[in-house]
Amino acid sequence: MSVRPARFITLEGVDGSGKSTQSRLLKDALEAEGYEVLLTREPGGSKGAEEIRTLVLEGEPDRWSAETEILLFTAARRDHLERTIEPALAAGKVVLCDRFVDSTRVYQGISRGDLRSTVDQLHALMIGCEADLTLLFDMDPSTGLSRAKARQTSEERFEDFGLELQVKMRAGFLELAKAEPERFAVIDASQNIDTVASDTLKALKAVL
Ligand SMILES: Nc1ncnc2c1ncn2[C@@H]1O[C@H](COP(=O)(O)OP(=O)(O)OP(=O)(O)O)[C@@H](O)[C@H]1O
Ligand SMILES: [Mg+2]
C-alpha cells in the first residue's frame with residue numbers, strides 16, 4: 001500500500017472504451033465529496049501539447065512512422081507534465097488524466113513493430129513518472145470501435161487502423177496490467193455507464 005494518498009490517476013483502454021465519459025463522471029463524483037480535481041487528457045492538456053494533438057490524431061494512418069510518433073507524443077507529454085500536471089499535483093489536486101504513457105507503450109510500443117524499449121527509454125529520460133493508479137477500461141474492442149465510430153470526429157487516425165490493431169492493443173493493455181498489478185485496476189467497461197462508474201469510483205476510493 002502506498003504511503004501517500006494517490007493523486008495522479010490515469011485512465012486507459014482501447015478506443016471507445018469509455019475513458020472520457022468515465023473521467024467526467026469521476027470528476028463530478030470526487031468534487032461532490034470535496035476533492036479538488038483537475039481533469040486533463042492526452043495527447044494534449046496544455047497549449048503546445050494540444051497543437052501536437054492535431055498533428056498526431058488527424059490525417060492519414062501512415063502520416064507518421066511509429067518512431068516519429070513516439071517523439072511527438074513524448075514532446076507533448078513533457079509540455080503537459082511541466083505546465084499542467086505538476087502544478088496541479090503541487091497544489092494538492094487529484095489529477096485525472098485521460099490516457100498517459102501506457103497508451104504510448106501500447107499504440108507505438110507494441111502494436112506497430114516492437115518499439116516498447118524505445119518508448120520506455122525515452123519515458124525514463126524525458127518524463128520519469130508513473131501514475132499512482134491506472135484505471136484500465138477493458139472491453140471487446142469491436143464494440144468499443146463501433147461506439148467510437150458513432151461519434152463522428154476528425155480525430156480518427158488511430159481508429160482508421162482497424163479492428164485487428166484494436167485487438168492487439170487490448171491484449172497489450174492487459175499485459176501491462178499483469179506486469180504491474182499494484183498500479184492497475186482493471187474495470188469491466190462492457191457494462192452500462194452507471195455500473196462502470198460505480199466500479200471506477202470503488203477502485204479509486206481504495207487508494208485515495
Ligand atoms: N458503458 C457504456 N455503454 C454504452 N455506451 C457508452 C458507454 N460508455 C461510453 N459510451 C459511449 O461510447 C462512446 C465512446 O465513449 P468515450 O468517448 O467515453 O470513449 P473513449 O474511451 O474516451 O474513446 P477514445 O479512446 O476514442 O477517446 C460515447 O459516445 C459514449 O457516450
Ligand atoms: Mg476519449
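One-based numbering, in listed order, for ligands and for the atoms of each. The figures here come from the full heavy-atom set of this structure, side chains too, leaving out hydrogens, waters and symmetry mates.
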> Are the charged groups of E82 and R78 less than 4.0 angstrom apart, N to O?
Replying inline: yes
> Which option, M139, R147, E12, owns the non-hydrogen atom nearest atom 13 (C) of ligand 1?
Replying inline: R147
>> Would G16 count as a polar contact of ligand 1, with the cut-off being nitrogen or oxygen pairs under 3.5 Å?
In response: yes
> Just checking, any donor-acceptor pair under 3.5 angstrom between side chains of E12 and S103?
Replying inline: yes
>> With heavy-atom distances below 4.0 Å as the criterion, list the atoms of ligand 1 near T21.
In response: 9 (C), 15 (O), 16 (P), 18 (O), 30 (C)
> Which ligand 1 atoms are under 4.0 Å away from a heavy-atom of S17?
Replying inline: 19 (O), 21 (O)
> Should you measure from each heavy atom of N192, which atoms of ligand 1 turn up under 4.0 Å away?
Replying inline: 1 (N)
> Any N or O of R99 that comes nearer than 3.5 Å to an N or O of ligand 1?
Replying inline: yes
>> Measuring from non-hydrogen atoms of Q22 to any atom of ligand 1, is the shortest distance under 4.0 Å?
In response: no
> Just wondering, is there an N, O or S atom on S20 that's nearer than 2.8 Å to the Mg ion (ligand 2)?
Replying inline: yes
> So among E69, R99, R77, R116, which one has a side-chain hydrogen bond (donor to acceptor under 3.5 Å, both in side chains) with T104?
Replying inline: R77
> For the residue pair Y107 and F73, is the inter-centroid distance of their aromatic rings smaller than 6.0 Å?
Replying inline: no
>> Would G13 count as a contact residue for ligand 1, given that I'm defining contact as a non-hydrogen atom of the residue lying under 4.0 Å from a ligand atom?
In response: no
>> Quick check: do K202 and D199 have side-chain heavy atoms less than 4.5 Å from each other?
In response: yes
> Are R41 and S23 close enough that a side-chain donor and a side-chain acceptor fall under 3.5 Å?
Replying inline: no
>> Looking at H123 and C129, would you say the former's side chain and the latter's main chain have a donor-acceptor pair under 3.5 Å?
In response: yes
